[in-house]
Amino acid sequence: MRRMDGSEVNRVALVSGGSRGIGAAVTSGLAERGCRVGCTYRTGFAEAEKLAVRHPEQVVPVRFDLSDPETATTAVNDVVSRWGRLDSLILNAGQWAGGRLTGTSPDSWWRVIDSNLRGTVDLARAALPYLATSPAPSIVLVSSVVGLIGHAGDTAYAAAKSAMVGFGRSLAKEVARDGIRVNILAPGFVTTDMTDAVPLSSRKRIEDATILGRFGTVDEMAKAAIFLSEDATFCTGSVLTADGGWAL
Ligand SMILES: NC(=O)c1ccc[n+]([C@@H]2O[C@H](COP(=O)([O-])OP(=O)(O)OC[C@H]3O[C@@H](n4cnc5c(N)ncnc54)[C@H](OP(=O)(O)O)[C@@H]3O)[C@@H](O)[C@H]2O)c1
């Protein structure tokens, strides 16, 4: 990114859920491109710290809990007070919890919605004033292909991920006047801690239903997220599906 005087300035990003899985790969990928990255952790400080050690001066661990609105404000403030700006926000932190509607209590059903959606919205809200002062700001929301086509046993998780699409596309319309692009990544099944719980027989069924015949990798998701965040300068309100053709 260039300053008015033509000199280069490294972008500053905040990646929620940056301590593990897809978020950790996004954090590394952005750092390798020269970005400075606030990488959020909730329980995984040690993992976030490892990324900071691997990319000294470029990655800083920042605490953020989806269920604690105050941490949304402090996470954004930590990054801005360190580097004086914010150019990219990657809203990746999320939690999977399954169960058929009839087998889930109302409280636990709504907890899944709340734990995925509330903190995501809080973090976007806290970041917007700073993003609005960046010359090339962007937001990427990490939804899920399950939020686009549905999945039995996932009504709450899918509803939360679907809401992220509606939220992101509406926000894109609201903030275009500030030059902020908002795009959505919808991953299919990706090998991370989150999908470790998938039993081998179900994993095989999913792989068989996936045109490319396998789960995706965190690096593949990171490339897609970074494309939307940094390179896709004529995309806003877009939903990029990265699912190996599972939803076809
Ligand atoms: N893996 C898949 O197949 C898949 C498919 C579609 C969409 N996704 C979405 O992609 C995103 C990343 O998934 P992943 O597979 O990389 O997950 P993961 O390996 O389980 O990592 C989850 C990350 O989110 C953070 N996190 C979890 N709950 C949080 C909370 N309540 N507050 C703040 N941070 C929290 C974790 O932080 P700590 O470890 O520090 O607690 C961790 O950094 C999620 O939004 C997920 O829904 C994943």
Side-chain angles (χ1 to χ4, degrees), residues 13 15-18 20-30 33 88-98 112-113 116-117 120-121 123-124 138-173 175-176 180-198 202-248:
V15 180
S16 75
R20 285 189 289 122
I22 295 169
V26 173
T27 299
S28 291
L30 286 170
R33 288 169 70 118
S88 306
L89 177 64
I90 315 287
L91 295 163
N92 163 79
Q95 279 176 308
W96 177 82
V112 178
I113 302 284
N116 280 286
L117 204 52
T120 300
V121 174
L123 203 52
S138 85
I139 298 176
V140 174
L141 291 122
V142 181
S143 172
S144 166
V145 75
V146 157
L148 302 181
I149 66 162
H151 193 236
D154 270 338
T155 57
Y157 178 74
K161 291 300 188 183
S162 203
M164 282 171 75
V165 176
F167 170 73
R169 296 182 89 141
S170 302
L171 188 63
K173 292 187 175 185
V175 298
I180 305 173
R181 295 182 300 104
V182 185
N183 291 293
I184 298 114
L185 176 64
F189 290 87
V190 181
T191 302
T192 67
D193 294 347
M194 191 176 277
T195 50
D196 262 3
V198 176
S202 308
R203 189 177 172 109
K204 173 86 176 64
R205 253 200 321 278
I206 294 163
E207 285 171 347
D208 288 346
T210 302
I211 306 296
L212 296 184
R214 62 176 175 84
F215 276 31
T217 68
V218 291
D219 289 334
E220 287 171 322
M221 295 311 117
K223 278 187 205 155
I226 292 170
F227 165 71
L228 289 174
S229 174
E230 309 299 300
D231 303 326
T233 50
F234 200 49
C235 293
T236 195
S238 299
V239 181
L240 175 59
T241 300
D243 69 339
W246 180 73
L248 271 182

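Reckoned from all heavy atoms, side chains included, excluding hydrogens, waters and symmetry mates. This one's a predicted model, so the numbers in the text were calculated from it and none came from an experiment.
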*CG of Leu185 to CZ of Phe227: how many Å apart, nearest 0.5 Å?*
11.0 Å

*asked:* For the CE atom of Met221 and the CG atom of Asp243, what is their distance to the nearest 0.5 Å?
replied: 8.5 Å

*Minimum-distance pair of heavy atoms, taken over all atoms of Ser88 and Glu230*: OG-OE2, 2.8 Å

*Which residue, Thr195, Asp196, Thr191, forms the side chain to side chain donor-acceptor pair (under 3.5 Å) with Arg203?*
Thr191

*How long is the gap from OG on Ser144 to CD1 on Ile149, to the nearest 0.5 Å?*
9.0 Å

*asked:* Is there a side-chain contact between Ser229 and Ile90 in this structure, where contact means two heavy atoms from C-beta onward sitting under 4.5 Å apart?
replied: yes

*Relative to each other, are the rings of Phe189 and Phe215 parallel, tilted or perpendicular (30° and 60° limits)?*
tilted

*So does Asp208 pair up with Lys204, basic N to acidic O under 4.0 Å?*
yes

*Could you tell me which non-hydrogen atom of Ser170 sits nearest to which non-hydrogen atom of Gly166, and how far apart they are?*
OG-O, 2.8 Å

*If you look at every heavy atom in Asn116 and Val112, which pair is closest and at what distance?*
ND2-O, 3.0 Å

_I need the Thr233 OG1 to Leu228 CG distance, nearest 0.5 Å._
11.5 Å

*If you measure from OG on Ser28 to CZ on Arg33, what distance do you get to the nearest 0.5 Å?*
13.5 Å

*asked:* Rounded to the nearest 0.5 Å, what separates atom CG in Asn183 from atom OG1 in Thr236?
replied: 5.0 Å

*Is a side-chain N or O of Asp193 found less than 3.5 angstrom from the main chain of Arg20, in a donor-acceptor match?*
no

*Given side chain to side chain contact (heavy atoms under 4.5 Å, CB included), test Arg169 with Ile184 step by step and report yes or no.*
CA-CA 8 Å; Arg169 296 182 89 141; Ile184 298 114; 3.8 Å; yes

*Which heavy-atom pair separates Val26 from Ala225 by the least distance, and what is that distance?*
CG2-CB, 4.0 Å

